[in-house]
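Accompanying notes for the structure given below.
Numbers restart at 1 for each chain; the letters A, B, ... are given by sequence-line order, proteins then strands.
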Number of protein chains: 2
Amino acid sequence: MYPETCKSFVAIDCIIFGFDGEDVKLLLIHRGFEPLKDQWSLMGGFIEEMESPDEAAIRVLKKLTGLEDVYMEQMDVFGNPNRDPYGKTISICYFALIDIQKYKHQIINDYRAAWFSLKEVPELILDHNDMVASARNRLKYKAALHPILFELLPDKFTIPQIVSLYEGVYDIILDKRNFNRKLLSTKLLVKTSEKDKLNSKKGAYYFKLNSDVYKEKFSAFINFIPNPN
Amino acid sequence: MYPETCKSFVAIDCIIFGFDGEDVKLLLIHRGFEPLKDQWSLMGGFIEEMESPDEAAIRVLKKLTGLEDVYMEQMDVFGNPNRDPYGKTISICYFALIDIQKYKHQIINDYRAAWFSLKEVPELILDHNDMVASARNRLKYKAALHPILFELLPDKFTIPQIVSLYEGVYDIILDKRNFNRKLLSTKLLVKTSEKDKLNSKKGAYYFKLNSDVYKEKFSAFINFIPNPN
DNA sequence: ACAAAAGTGTTAATAATACACCCATGC
DNA sequence: GCATGGGTGTATTATTAACACTTTTGT
């Protein structure tokens, strides 16, 4: 056995992204317990005795959202020895992409959960704002190359929604003609005959994912975001 | 303070890559101490009391190689609860890219260090072979997009060396004409008037990095590896 | 003179960009 | 009939890919 002094608290924290059709959002909790009561925070938890970090992240995400089989990715470890004044804690961060329509509000005694637009993220406890910043960068990086943002979309979605999604993540304006061409060239999308008439008079066709192509291309490089020249 | 049962051992392990002009190599240690005496292993260590994971990685790397200011990147956390039978240990992995010519063999009582070609990695303790596999994938991923492999090269290097380096990392054969053109188009390289006459009769010109351009383009996307179509 | 590795150019195909108008509908 | 957002096409440029011969020099 190794020396006890090498032990440390180990937690995971989840940066959970959603998309409501207009804006990219972050799921945060309001702590109803000490320490740091009544402050906003990421959802997290300690890793339990017989659990891997990934399992802990899945457990915590399910507790908050009711969802399983969610796209989740390990990102940075935050381990500055002074980051948590309540005990030296190393936190392994995960970012998760969920379909906000599938999110079921869980009744959890100690937390109140709420979605925040990325433009209005409140002050968070400890170094959680840094974690969010890191997750946003990671999301931008990854989504410029791989079609992961489709994880945020419901089963049926329109092209204008995808455009808003990418525009929200990158804070840019896309040329819809060129972007549309690139989207369709991936063969990821299947047009349905239904239209979304809520957001316009003309109505926009709903598309679904071609799940075979999606699985195949999930790790492939696709340049979704134009180079800024 | 949080409950003591949430504590766990936390270590870092370093996957250290080098390049000798022909092959990509891995720096491993032979353990001269229990547990797992006389087996090959990655270099690692526990995170100390007042240390962040990054600081621990830097300390461990320096102890083994004598080098500071090395390119190092946090990668996966290995935290399967059964991964280490000597105590539940979570390991944060780092991969490092060093100039093998700058490597100074350190006299360390408990270890014997040696370089292994990627094609001849021995059986390692615990899950260290998985860590190596993960580091190799990460290296491939990252180096296809960013010029990080230059971290492996000495101050002066030839184009044929760069070609061997990329061919070794990806286990492919490159078209040297197209690759050469892409390399030069990055403006990363400065031709010197010296030639390396060791590896051929004609001799190959030495190049240096243009460090301004290198800093500028370090995070930029450059497609070094052709798409397999 | 020949072997061994270095170096160099052209063409064709593909992908990326810039850009502007018509369409369908609800009011 | 008009305002709103949805949808489409083309021309230009830039990038990538395929492909083979000449150069240098040590032996």
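How far CD of B:Gln106 is from OG1 of B:Thr65: 6.5 Å, rounded to the nearest 0.5 Å. From B:Ile98, atom CD1 reaches atom CG of B:Leu27 across 6.0 Å, with rounding to the nearest 0.5 Å.
Atom OH of A:Tyr206 is separated from atom P of D:dG7 by 12 Å (rounded to the nearest Å). One atom, CG of B:Asp196, and another, P of D:dG26, lie 13 Å apart when rounded to the nearest Å. Rounded to whole Å, atom C1' of D:dT15 lies 12 Å from atom CG of A:Asn223. Summarising the geometry, the separation between CD1 on A:Ile222 and P on C:dT14 is reported as 18 Å, rounded to the nearest angstrom. Rounded to whole Å, atom P of C:dT8 lies 13 Å from atom CG of B:Leu183. Between B:Leu184 atom CG and C:dT8 atom P there is a gap of 8 Å when expressed in whole angstrom units. Spacing between atom CG of A:Asn180 and atom P of C:dA18 amounts to 17 Å, rounded to whole angstrom units. In this entry the distance linking CZ of A:Phe221 with P of D:dT16 reads 14 Å, nearest Å.
Between B:Asp23 and B:Lys119 there is a salt bridge, since at least one side-chain N of the basic residue sits less than 4.0 Å from a carboxylate O of the acidic one. Taking 4.0 Å as the cut-off between side-chain N and carboxylate O, B:Lys208 and B:Asp155 do not count as a salt-bridged pair.
Annotation: B:Tyr166 is in aromatic contact with B:Phe179 [ring centroid separation under 6.0 Å]. Ring to ring, B:Tyr71 and B:Phe218 are close: their centroids are under 6.0 angstrom apart.
Of the residues in residues 160-168 of chain A, none lies under 4.0 Å from DNA chain C by heavy-atom distance.
Distance alone, capped at 3.5 Å, is enough to place a donor-acceptor pair between the B:Tyr94 side chain and the B:Asp54 backbone.
A pairwise comparison of heavy atoms in A:Ser164 and A:Phe19 identifies CB-CZ, 4.2 Å as the closest pair. Taking all atoms of both residues into account, the shortest heavy-atom contact from B:Gly18 to B:Trp115 is N-CZ3, 3.5 Å.
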Where along nucleotides 19-27 of chain C does protein come under 4.0 Å, by heavy atom, of base (B) or sugar-phosphate alone (S), with - for untouched nucleotides? BB--BBBS-
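Closest-nucleotide positions on DNA chain D for A:Lys191 and B:Lys182 were compared, and the one nearer the 5' end corresponds to A:Lys191.
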